[in-house]
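Bear in mind the structure is a predicted one, so any value in this text is a computation, not a measurement. Note on naming: letters A, B, ... go to the chains in the order of the sequence lines (proteins, then strands), and numbering restarts at 1 for each one.
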Amino acid sequence: MDAVILQVLNGLDKGGAYALIALGLTLVFGTLGVVNFAHGALFMIGAFCAVTFRKILTLEKVVLSETELSPWGTPLEIRTPFAQQWFGDFGNVLLDYSVPLSILLAIPVMLLIGIVMERGLIKHFYKRPHAEQILVTFGLAIVLQEIVKAFFGANPNPQPIPQVFMGAADLGVMVGMAEHVITYPKWRLVYLFFSLGVIGAVFAFLRFTTFGMVVRAGMSDRETVSMLGINIDRRFTIMFGIAAVVAGVAGVMYTPILPPDYTLGMDFLVLTFIVVVVGGMGSLPGAVLAGFTLGVVQSLASMTEVKDIIPGIDQVIIYLVAVIILLVRPRGLLGKRGVMEN
Amino acid sequence: MFSIPKKDAITFLLFALVVLTMPIWLSPFGASYPGLLQKFAIYALLAVGYNILFGLTGYLSFGHAAFLGVGSYAAVWSFKLLSMNPILALACAMIFSGIFALAIGYVSLRRSGIYFSILTLAFAQMSYKLAYSVLSPITHGENGLQLTLQDPRTIDLMFMERGVSLPTSSLFGIPMNGYEGFYFCAVILLIGFFIAQKIASSPFGMMLKGIKSNEDRMNYTGFNTKPYMLTAFVISGMYAGIAGGLLAVTDPLAGAERMQWTASGELVLMTILGGVGTLVGPVIGAWIIKYFENIFSAWNESILHNFFAFLPDNIEGFVVLISSKFVGEGWHLTLGSMFVLVVVFLPGGIMEGVRRISSWFLRRKDPTKDQEVVDPENMPKPSSEKGE
């Protein structure tokens, strides 16, 4: 039983990442009707915002020491990060919290990238068939990941967890169980709550603001909304930017869990696509539900007890679920009747 | 059975000429070594087969790499268990990939459009993951499936003694690893190309094109489109299987990475780059991509320095710096940007580009033709098959 709870928890934080990416993907599909294969690349770029932010913070001033010698007999180089030099201890705190702070960098950067991408390329593909949208965004994903590779190299860039969130939290104790039964890495908890927060923010934005109301109206009937004199295209462009931001911040916070390299986007892309399809194309709650469900299902399937019964199930369970859903209920778990049912 | 329209015959003969003389005309490009030539032929066959599905019916499969992998494994197992004869290996590859394609196609074709793509993608990823983990006894997981000295090879050992070194694949004594290997692949490619030509001009091919332009209407007219689609899917899967088998024939080693979905993506790139729905287009696409992968990726800064030596020094440094990002390690960047440009500006691929340019020239040179073709807008556009 404890093992099951632990696996559910493990699945939830992975599910959080799936849900965040899938949310953006389905938002883009619901508003613009575009199948965006470059969305995984946006997640990856977000992760590299964190890498860049840390690189900026750790820029160092090199001073040759006049008295000390290094073991090789040359003058010792004393390296002090500028952040530390300028802000003292506060600089160290900045460095420690570099990952969460990179969100501040990621939001404007991702918004800009998203809007440029939409205006520059995707705008021209609204009316083209889905196959061509897949192709052009797939090409774009390759370009983006190669650009990142050219700047950051091919190796993973591990990012540190802030000191406070290091180690594991003993969750079992909180609910009155014995110690060390259910321990869980603190950062993964942070990620879980963070993803829930972002999902909540997106839903609240769509639900309670006028802008969100117009966007929702546009999703259900684009023509009528534009006939009412609203520039729906511009709002959809901004929604694309927001989707990019959601994917980007998901990537930023995921860096301590999985050191990002340039292929990160492609790895996540296939999975999140399946999440979107399982949840129902264009259905936002569906994407969230499917994201968490598939995350949990995946980690339950990787328990040894399950693997003993059906060997290899942990490798294929997500795809298997997708195949079954597509065959039995093609509109997905929460998809609207009549939307892409064939 | 072998009678084909005159136009197709000319295309076929020209194609055969181009393929068979590849070792000669590719040598100025530095690509005339057997290993690469074999790849040219094999991936061209793969692309021709993929075009039967994607080009004729418009169903975008993201899972063809699985068939390539199955073909490779089947061929290597046939080497291990039966004989080093490549024909037998290809037969095995074809049968197994055909059965595999039948199973996957039967399920995937229940959906169309993007759902079909996702289903094929899911199946291919499943095969890839399973090949790495549970199916290791068959696939030998990360090490890849290789020949060993202890292989049973029942048929071969009836006729000859077990050698002291690893055997190589040979067709009645002709080894399959040098130029002979290339010519073997080339002959298979030509046979495959001929069959594809026949299919495209047959009633069956017309049916597939009908499905592409409007599947609903085909259904309403009383055709059950599913069996036709399934046949096309299986044929296309068999082409991929044979291509996989040929990869194993020229180099008896099969690994699971051949089945990864990015390999399917590369196949889609080839087809689109060359021109979907045309016979020659996908072949050209495959050649370009393989050329880039093997030759272009070996370029480095010193080659670029020589290339741009005519520029003034400071400009040259800058140009080399920028362009070096596009060659060598970064050749994928060139590929990706080229691909985006093609999809945006030239949806019919390189073949459409060629046709546009040639029609432009023909109009310019011959003013009498202008009167026949009244309006360029009304000309039968090469992309008219693409529909949708």
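- Separating the CG atom in A/Leu327 from the OG atom in B/Ser108 is a distance of 8.0 Å, to the nearest 0.5 Å.
- Contact annotation for B/Val342: neither backbone nor side-chain heavy atoms come within less than 4.5 Å of a heavy atom of chain A.
- At a 4.5 Å heavy-atom cutoff, the contact between B/Phe123 and chain A is made by side-chain atoms alone.
- Between the OH atom of A/Tyr319 and the CG atom of B/Leu121 there is a distance of 7.0 Å, given to the nearest 0.5 Å.
- In this structure, no portion of A/Leu144 lies under 4.5 Å from any heavy atom of chain B.
- In this structure, the salt bridge (Lys or Arg N to Asp or Glu O under 4.0 Å) partners of B/Lys226, at least two apart in sequence or on a different chain, are B/Glu215.
- Annotation: maximal heavy-atom pairing with chain B below 4.5 Å, among A/Val270, A/Leu121, A/Ile147, A/Val35, occurs at A/Val270.
- Annotation: side chain of A/Phe138 is in contact with side chain of B/Leu269 (closest heavy-atom distance under 4.5 Å).
- Looking at B/Ser337 and A/Glu146, their side chains never come closer than 4.5 Å, going by heavy atoms from C-beta outward.
- Across all non-hydrogen atoms, the minimal contact from B/Val340 to A/Gly139 is CG2-C, 3.5 Å.
- Here the CD1 atom belonging to B/Ile114 is positioned 10.0 Å from the CG atom belonging to A/Leu326, to the nearest 0.5 angstrom.
- Atom CZ of A/Phe152 sits in a crowded spot, with more than 12 heavy atoms from other residues, nucleotides or ligands closer than 6.0 Å.
- For A/Leu271, no part sits under 4.5 Å from any heavy atom of chain B, backbone or side chain.
- Side-chain contact between A/Ile142 and B/Phe339 is absent, with no heavy atoms from C-beta onward closer than 4.5 Å.
- With sequence neighbours excluded, no residue forms a salt bridge (Lys or Arg N to Asp or Glu O under 4.0 Å) with B/Arg217.
- Interface with chain A: from residues 126-133 of chain B, residues B/Met126, B/Lys129, B/Leu130, B/Ser133 qualify, criterion being any non-hydrogen pair under 4.5 Å.
- Proximity to chain A involves both the backbone and the side chain of B/Leu333, based on heavy atoms less than 4.5 angstrom apart.
- Here A/Leu135 is the residue among A/Leu135, A/Leu320, A/Val136 with the most heavy-atom pairs under 4.5 Å with chain B.
- Residues B/Ala122 and A/Val323 share a closest heavy-atom pair of CB-CG2, 4.1 Å.
- Taking a 6.0 Å sphere around CZ of A/Phe151, one finds it holds 12 or fewer heavy atoms contributed by other residues, nucleotides or ligands.
- The side-chain hydrogen bond (donor to acceptor under 3.5 Å, both in side chains) test applied to B/Glu293 returns B/Lys290, not counting sequence neighbours.
- A ring-centre distance under 6.0 Å is found for A/Phe37 and B/Phe62.
- Rounding to the nearest 0.5 angstrom, the gap separating the CD1 atom in A/Ile274 from the CG atom in B/Leu119 is 9.0 Å.
- Side-chain contact between B/Val344 and A/Phe125 is present, with heavy atoms from C-beta onward closer than 4.5 Å.
- Within the 4.5 angstrom heavy-atom criterion, no atom of A/Ile318 approaches chain B.
- Note that NE2 of A/His124 and CZ of B/Phe345 are 7.5 Å apart. Values are rounded to the nearest 0.5 Å.
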